[in-house]
A.B. asks: 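Have a look at the structure that comes next, please.
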Amino acid sequence: MATTTASLQELAKNHLWLHFSRMGDFQDGAEIPIIVRGEGCHVWDEHGNRYFDGLSALFCVNIGHGRADVAQAGARQAEELGFFTNWSYAHPRAIELAARIADLAPGDLNRVFFTSGGGEAVESALKLARQYHKLTGNPNKTKVIAREVAYHGTTLGALSATGITALRAPFEPFTPGGCHVPNTNQYRLRPGYGPEMLADAVAERIEFEGPETVAAVIMEPVQNAGGCFTPPEGYFQRIREICDEYDVLMISDEVICSWGRLGEWFGAQRYGYQPDLITTAKGITSAYAPLGAVIASDRVAKPFLEGKNAFLHGFTFAGHPIACAVALANIDVMEHERVIENVREHEPAFRAMLDSLRDIPIVGDVRGAGYFQAIELVKDQETKETFDDDESEWLLREFLSGELFRRGLICRADDRGDPVIQLSPPLIAQPEHFEEIEGVLRPVLEAAAARIRG
């Protein structure tokens with residue numbers, strides 16, 4: 001059905017329910033942004049306006065837009081086998097992709113359980129941890145320890161690990177067992193806390209809950225929500241020690257942080273730690289098809305491979321042959337075109353551009369790793385005073401989001417925690433793209449600072 005720009009707007013407003021969106025904002029004549037085309041680091045809307053995709057759509061279009069060769073891999077697979085399930089069956093692309101992932105993953109993470117996306121991967125990892133402990137004689141180990149303000153997904157199980165009150169409150173009560181510890185926001189350490197104490201907070205929480213009740217610890221290598229919190233030196237090595245001491249599984253939630261986002265195939269490799277489970281999605285296909293996975297160590301997989309045991313869990317479309325074919329093509333592109341090497345080479349220039357914005361009065365902190373960076377906005381750089389709820393509403397939603405988009409930059413103005421701007425460009429971005437980002441970001445932040453002072 002051919003549609004005009006006007007009819008697309010009408011149809012979208014009447015029938016499409018946007019995720020995490022205030023639908024009422026579009027009832028007074030405001031347009032829904034409709035993206036119709038992409039190429040490289042840029043996308044175009046239905047009016048022909050061009051934007052730099054500074055968020056890789058949603059931290060996932062790692063090899064950039066418009067790769068017909070990757071999409072074509074899915075089309076070729078559809079001609080051979082459009083679909084068959086992984087429930088008691090296998091197909092060649094799932095087998096090949098599982099082996100490829102196992103080869104790239106750190107250590108003995110050799111067993112791959114496919115899902116349809118990141119939230120499903122986290123949900124699967126939490127269920128896997130519980131059943132693992134039941135099979136190994138510890139049936140009371142059901143709780144999961146996560147970090148404050150962390151986002152791990154929206155399913156009821158994953159939501160129990162998510163540490164963002166505003167996302168949890170509408171859906172309570174949900175799966176019990178979610179426990180939280182301080183995150184690694186070193187810009188705003190609690191009074192009396194040093195960076196060296198952050199990991200030990202996990203041990204203290206395990207002791208408080210009772211070690212016989214704790215199944216897993218789940219953490220992102222770089223925490224997304226709150227604005228790209230990186231770990232202090234030795235943090236994850238200490239977490240590994242704690243998990244070993246208390247017989248707790250260590251889950252590295254890498255839905256965002258894998259597939260080159262931090263300059264390595266997996267974020268755990270960037271920070272030199274060995275998890276028991278990795279959850280992944282997004283960049284595994286560069287979002288050319290929906291796919292996720294849990295990657296398990298040999299130790300965790302072992303009891304499920306014995307006798308009549310089975311992981312009693314699955315999804316119809318997990319490990320879809322078309323998605324697996326696309327993922328294999330995506331990995332080929334990353335290897336042949338040295339995409340990860342590009343991130344390593346140009347991360348310093350990307351970070352230097354963002355650090356250069358510190359002369360703007362509302363820029364408080366710049367943090368992150370690889371092509372996953374954030375700017376925290378403050379009222380006062382010296383005191384680190386933050387904005388209240390009404391000020392954040394104006395700054396992020398009423399001014400920055402719209403003005404950045406109007407000038408041609410897609411990024412995230414986020415208020416989950418203190419207000420931040422997040423930037424996570426496609427991994428093919430070059431220094432000239434950083435100049436393009438700065439050409440929009442600097443004048444908009446300066447305008448915001450001037451309005452606040454006024």
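All residue numbers refer to positions in the sequence shown, counting from 1.
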A.B. asks: Is there a donor-acceptor pair closer than 3.5 Å between any side-chain N or O of Glu385 and the backbone N or O of Val378?
C.D. replies: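 Not confirmed, Glu385 side chain does not pair with Val378 backbone.
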
A.B. asks: Tell me, do Arg37 and His65 make a side-chain contact under 4.5 Å, heavy atoms counted?
C.D. replies: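 Not touching, per the 4.5 Å side-chain cut-off.
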
A.B. asks: Determine the minimum heavy-atom distance between Tyr371 and His346, stating which atoms define it.
C.D. replies: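 Scanning both residues, the minimum pair turns out to be OH-CB, 3.2 Å.
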
A.B. asks: Does any non-hydrogen side-chain atom of Arg338 lie less than 4.5 Å from one of Glu345?
C.D. replies: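 When only atoms from C-beta onward are counted, Arg338 and Glu345 do not touch, as no gap falls below 4.5 Å.
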
A.B. asks: Assign the ring pair Tyr51 / Phe405 to parallel, tilted or perpendicular, where the plane angle (0 to 90°) is split at 30° and 60°.
C.D. replies: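 Tyr51 and Phe405: parallel rings.
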
A.B. asks: Is there a side-chain contact between Leu189 and Pro195 in this structure, where contact means two heavy atoms from C-beta onward sitting under 4.5 Å apart?
C.D. replies: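 Leu189 reaches Pro195 side chain to side chain.
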
A.B. asks: Please determine whether a side-chain nitrogen of the Lys or Arg among Arg270 and Glu264 lies less than 4.0 Å from a carboxylate oxygen of the Asp or Glu.
C.D. replies: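 Looking at Arg270 and Glu264, the cut-off is not met.
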
A.B. asks: For residues Asn62 and Val339, determine if any side-chain heavy atom of one lies less than 4.5 Å from a side-chain heavy atom of the other.
C.D. replies: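 A side-chain contact under 4.5 Å is absent here.
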
A.B. asks: Using a 3.5 Å distance criterion without hydrogens, assess whether the side chain of Lys379 forms a donor-acceptor pair with backbone atoms of Thr386.
C.D. replies: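 Not confirmed, Lys379 side chain does not pair with Thr386 backbone.
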
A.B. asks: Could you tell me whether Glu347 and Arg351 have a side-chain N and a carboxylate O separated by less than 4.0 Å?
C.D. replies: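 Salt bridge between Glu347 and Arg351, a charged N being under 4.0 Å from a carboxylate O: no.
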
A.B. asks: Between Arg205 and Glu209, does any NZ, NE, NH1 or NH2 come within less than 4.0 Å of an OD or OE carboxylate oxygen?
C.D. replies: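 Looking at Arg205 together with Glu209, the answer is yes, because their closest N to O distance falls below 4.0 Å.
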
A.B. asks: Could you tell me whether a side-chain N or O of Arg238 sits under 3.5 Å from a main-chain N or O of Asp200, the two making a donor and an acceptor?
C.D. replies: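 No, Arg238 side chain to Asp200 backbone: no donor-acceptor pair under 3.5 Å.
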
A.B. asks: Between Arg100 and Glu335, does any NZ, NE, NH1 or NH2 come within less than 4.0 Å of an OD or OE carboxylate oxygen?
C.D. replies: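 Salt bridge between Glu335 and Arg100, a charged N being under 4.0 Å from a carboxylate O: yes.
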
